[in-house]
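This report refers to the structure that appears directly beneath it.
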2 protein chains.
Amino acid sequence: MKASRRYPSSTDVARLAGVSQSAVSRTFNKGKSVSEETSRKVFEAAEQLGYSPNFLPRMLLKHRSDLVAIVVSDSSNPFYAVAVDAFSRALQETGHQVLLASVDGGNALDGILPRLASYRVDAIVSALPVVTQSAAEAFARIRIPIVSFNTPARNQWISSVCSDNAGGAALVADLFVARGARSFGFIGGTPSDYASGERLRGFRERLALHGFDHVETAMGDYLYEDAFQAAAAMAERRKVPDALFCANDLMAFGALDALRRAGLRIPEDVLVAGYDDVPAAAWGSFDLTTVVHGHQAMVAAAIAILHARMADPEPADGVTTTVPVRLAERATTQR
Amino acid sequence: MKASRRYPSSTDVARLAGVSQSAVSRTFNKGKSVSEETSRKVFEAAEQLGYSPNFLPRMLLKHRSDLVAIVVSDSSNPFYAVAVDAFSRALQETGHQVLLASVDGGNALDGILPRLASYRVDAIVSALPVVTQSAAEAFARIRIPIVSFNTPARNQWISSVCSDNAGGAALVADLFVARGARSFGFIGGTPSDYASGERLRGFRERLALHGFDHVETAMGDYLYEDAFQAAAAMAERRKVPDALFCANDLMAFGALDALRRAGLRIPEDVLVAGYDDVPAAAWGSFDLTTVVHGHQAMVAAAIAILHARMADPEPADGVTTTVPVRLAERATTQR
DNA sequence: CTGAAAGCGCTAACAG
DNA sequence: CTGTTAGCGCTTTCAG
């Protein structure tokens, strides 16, 4: 592959404008003393050449790239698509730029880490459901601040922003009980997944407080299809509970469709709730009661941490911020 | 904001390993002659310092960053989320990395362009519905190769990959006629949008061939809500056609929900089809007949163009590649 | 206000 | 095989 065409440099502009290269640099960096006359000549020459300053040498000099990596594994969940977009916008406002990294499994972070380090990213945002011990150690060695979504902090270099998973699940439990349910089911993400575990724990504990000890559980992988299967199996075995809580909206949609196909009416026969409040939850076909994940609040919290961390070369222990949630009650729980 | 901690440099590694800096460089670039002994010492020192080579100087020297920018405006359409992900993966495989840029309006490309140029990206992928004339001129001036999705090529520097919009729409027209429809409706994206225009054109022209001259049209903005309103208005005014084609799946979902709420049965009273084949189209609630956009084929075509363009500093005129589509017939058109 | 010069961390010639 | 050297394009002293 041939080298691509050389971009014009500040030296090219300087030559054309008949000034020194440093004059060009100063013209493009506000707050520097440049005469009206010089400035005009420089901009004219720059315009003519299609010049825009090169950030790369600046990064070299300043030891900061203003690049933030976002690591994602799976874009099938609309929640992450929205979050990535919100992140990208928020970071752009503060002069940062997002380097996107897609990994295959949920735990393939270690593999991409050296690459991101080589781009000298200032920080990493992980939207991965897990941060393995080995990845955590790798971070500690490379010493790049990282903010992880819905995964607890593991060491000094890892901070995390979590939705109030257990709290949200408890709200669902309260609602189910208030609506008269007496038996309960839960369809979760992967068993190893922190967020899913917390949602189950919060659901269970609150139900126990109401005097209900059993929760029929099944596992999906946060996918529509898995939950469809799981709910269909429940219907098949006539083990459908009065109320079913799914660890995310995508799975709730799958469960809804499966239950309806099995001839059950929602909410008359079964109450259903999800988690995330993705756009589709408000659509007429689903009208799903769900826990509002509040991606804006999560992104804002993450951005705050990121900025604090990027400003401090030797940060204290990683913090875990919990973002409050609320319930959006819709048709699937309204008898 | 303080500078972030300095990453270790090859000089640091060289000092610790007791070799020259260039020896370190050679060790990390395969195909260079380094003795077993030196290599071992270097890797050891690198490991100890947590060193990974800095790509930035390399970019400076080689005049290529291996960075490709992806510009997106709206992540609410799941089609783009999936496409961005596929892109990112494909580019990573060839040693490139994605710089994500989010813009607000569909035509705010001009604004972000200088920024991307400053990062010295090798190419730009635009997932924006429009490429304005001013943006096209800006590209020509900055001379970065760009591949645009579903927007026709405008000049030497702009290539594009388009779904066979008109062809797909014609398939829908044929299907509707075969299923017995006699009156037809279309809900489009923005009027100025190329893809939407092509889909309407293909739909109209094929219907004319079948002897049907009128198409009841309404405009949404590729959004669920807009199509919901539009379809509800049709129902209100008793102007619901036998068959309704929506310019994307999201709008088809909105139309379906509105028509059902108005008491119409799908497909008995109205046939409905969409465009994209997003994952939700296959879900039980919708089971939507749709044109398979084939994002893999589009991404593959775009990647091929990208690589060709990046290899050629003075490319010929921009090419427009049309990716074939097929129909996925589901319940919404099966009487 | 302006230009000359040093240097960020690396790669690529070049001698040895 | 190895070290020395120049230089990518910029920012930043430092003299003038």
Side-chain angles (χ1 to χ4, degrees), chain A residues 3-42 45-46 49-67 95 114-115 117-122, chain B residues 3-42 45-46 49-67 95 114-115 117-122:
Chain A
S4 51
R5 188 191 58 86
R6 213 177 123 282
Y7 281 83
S9 72
S10 60
T11 312
D12 298 333
V13 176
R15 191 161 29 229
L16 182 61
V19 297
S20 77
Q21 179 272 323
S22 26
V24 177
S25 171
R26 279 192 284 257
T27 317
F28 277 93
N29 290 22
K30 53 181 173 240
K32 305 286 176 168
S33 41
V34 193
S35 72
E36 188 71 19
E37 165 73 1
T38 305
S39 171
R40 194 191 46 72
K41 283 194 293 190
V42 168
L49 293 172
Y51 168 80
S52 53
N54 188 341
F55 287 170
L56 271 34
R58 203 216 302 276
M59 299 178 193
L60 228 51
L61 243 22
K62 301 240 177 124
H63 298 289
R64 48 202 309 269
S65 61
D66 288 335
L67 248 30
R115 251 182 101 86
S118 284
Y119 281 102
R120 296 300 188 250
V121 298
D122 291 341
Chain B
S4 50
R5 188 190 58 86
R6 213 176 124 281
Y7 280 83
S9 73
S10 60
T11 312
D12 297 334
V13 175
R15 191 162 28 231
L16 183 61
V19 297
S20 77
Q21 180 273 325
S22 31
V24 177
S25 171
R26 279 192 286 257
T27 320
F28 277 91
N29 291 27
K30 55 183 170 233
K32 306 284 176 169
S33 40
V34 193
S35 74
E36 188 71 20
E37 166 73 0
T38 305
S39 170
R40 194 188 47 72
K41 281 193 294 190
V42 168
L49 294 172
Y51 168 80
S52 53
N54 188 341
F55 286 171
L56 272 31
R58 201 218 303 278
M59 299 178 192
L60 228 51
L61 242 23
K62 302 240 175 121
H63 298 288
R64 49 202 307 269
S65 61
D66 288 335
L67 248 28
R115 249 182 102 83
S118 284
Y119 280 103
R120 296 301 189 251
V121 298
D122 291 342

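Per chain, numbering begins at 1; letters A, B, ... match sequence-line order. The figures here come from the full heavy-atom set of this structure, side chains too, leaving out hydrogens, waters and symmetry mates.
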Within the structure, does a side-chain N or O atom of A:Arg26 lie under 4.0 Å from either OP1 or OP2 of C:dG3? no

Rounded off to whole Å, could you give me the NZ-to-P distance for the A:Lys41 and C:dC1 pair? 15 Å

Has B:Ser118 got a side-chain atom pairing as donor or acceptor with A:Phe55's backbone, closer than 3.5 angstrom? no

Between A:Pro57 and B:Glu37, which residue's closest nucleotide on DNA chain D lies nearer the 5′ terminus? B:Glu37

Round to a whole Å and report the spacing from CZ of A:Arg40 to P of C:dC1. 16 Å

Any side-chain N or O of B:Ser22 under 4.0 Å from OP1/OP2 of C:dA12? no

Do the side chains of B:Asp12 and B:Arg6 get nearer than 4.5 Å, heavy atoms only? yes

Can you figure out which of D:dG7, C:dC1, D:dT11 approaches the side chain of A:Leu61 most closely? D:dT11

Mind calculating the distance between CG (A:Leu56) and P (D:dT11) to the nearest angstrom? 12 Å

Give one of base, sugar-phosphate or nothing for A:Ser35, where a contact means two heavy atoms less than 4.0 Å apart. sugar-phosphate

Please report the distance, rounded to the nearest Å, between CZ in B:Phe55 and C1' in D:dC8. 17 Å

In whole Å, I'd like the distance from the CZ atom of A:Arg15 to the C1' atom of D:dG9. 13 Å

Taking only side-chain nitrogens and oxygens of A:Tyr7, does any of them come within less than 4.0 Å of OP1 or OP2 of D:dC10? no

Go through A:Gln21 and A:Thr11 one step at a time and tell me if the side chain to side chain donor-acceptor pair (under 3.5 Å) criterion holds. CA-CA 5 Å; A:Gln21 179 272 323; A:Thr11 312; 5.4 Å; no

Testing C:dG3, C:dG9, D:dG9 for proximity to the side chain of B:Ser10, the answer is C:dG9

Looking only at the side chain of B:Ser20 (C-beta and beyond, no hydrogens), which of the listed nucleotides C:dT11, D:dT4, C:dC10 gets closest? D:dT4

Does the side chain of A:Lys32 get closer than 4.0 angstrom to OP1 or OP2 of D:dT12 through an N or O atom? yes

Where B:Ala46 and B:Val13 come nearest, the two heavy atoms and their spacing: N-CG1, 3.9 Å

Using a 4.0 Å heavy-atom cut-off across all strands, classify A:Phe28 as base, sugar-phosphate, or nothing. nothing

Determine yes or no for a side-chain-to-main-chain donor-acceptor pair under 3.5 angstrom, with A:Ser65 supplying the side chain and A:Arg120 the backbone. yes

Think B:Asn29 has a side-chain N or O under 4.0 angstrom from the OP1 or OP2 of C:dT11? yes

Within less than 4.0 Å of OP1 or OP2 of C:dT2, is there a side-chain N or O belonging to A:Thr38? yes

Can you tell me which nucleotide in C:dC10, D:dG9, C:dT2 comes closest to the side chain of A:Val34? C:dT2

Give a yes/no on whether any side-chain N or O of A:Thr11 is located under 4.0 angstrom from OP1 or OP2 of D:dC10. no

Quick one: B:Asp12 CG to C:dC8 P, roughly how many Å, whole number? 11 Å

Considering all heavy atoms of both residues, which atom of A:Tyr119 and which atom of B:Asp66 are nearest to each other, and what is their separation? OH-O, 4.1 Å

Please tell me which of the listed nucleotides, C:dC1, C:dG9, D:dT11, lies nearest to the side chain of A:Gln21? D:dT11

Is A:Lys62 near enough to D:dC10 that one of its side-chain N or O atoms lies under 4.0 angstrom from OP1 or OP2? no

Grab the OH-C1' distance between A:Tyr51 and D:dG9 for me, whole Å please. 8 Å

Which nucleotide, C:dT2, D:dT12, D:dG9, lies nearest any side-chain atom of A:Asn54? D:dG9

Ignoring backbone atoms, test whether B:Arg58 places a side-chain nitrogen or oxygen under 4.0 Å from the OP1 or OP2 oxygen of C:dT11. yes

Least distance between heavy atoms, B:Pro8 atom then B:Leu49 atom: CG-O, 3.5 Å

Mind checking B:Ser9 for me? I need base, sugar-phosphate or nothing, with any heavy atom below 4.0 Å counting as a touch. sugar-phosphate

Ignoring backbone atoms, test whether B:Arg120 places a side-chain nitrogen or oxygen under 4.0 Å from the OP1 or OP2 oxygen of D:dC8. no

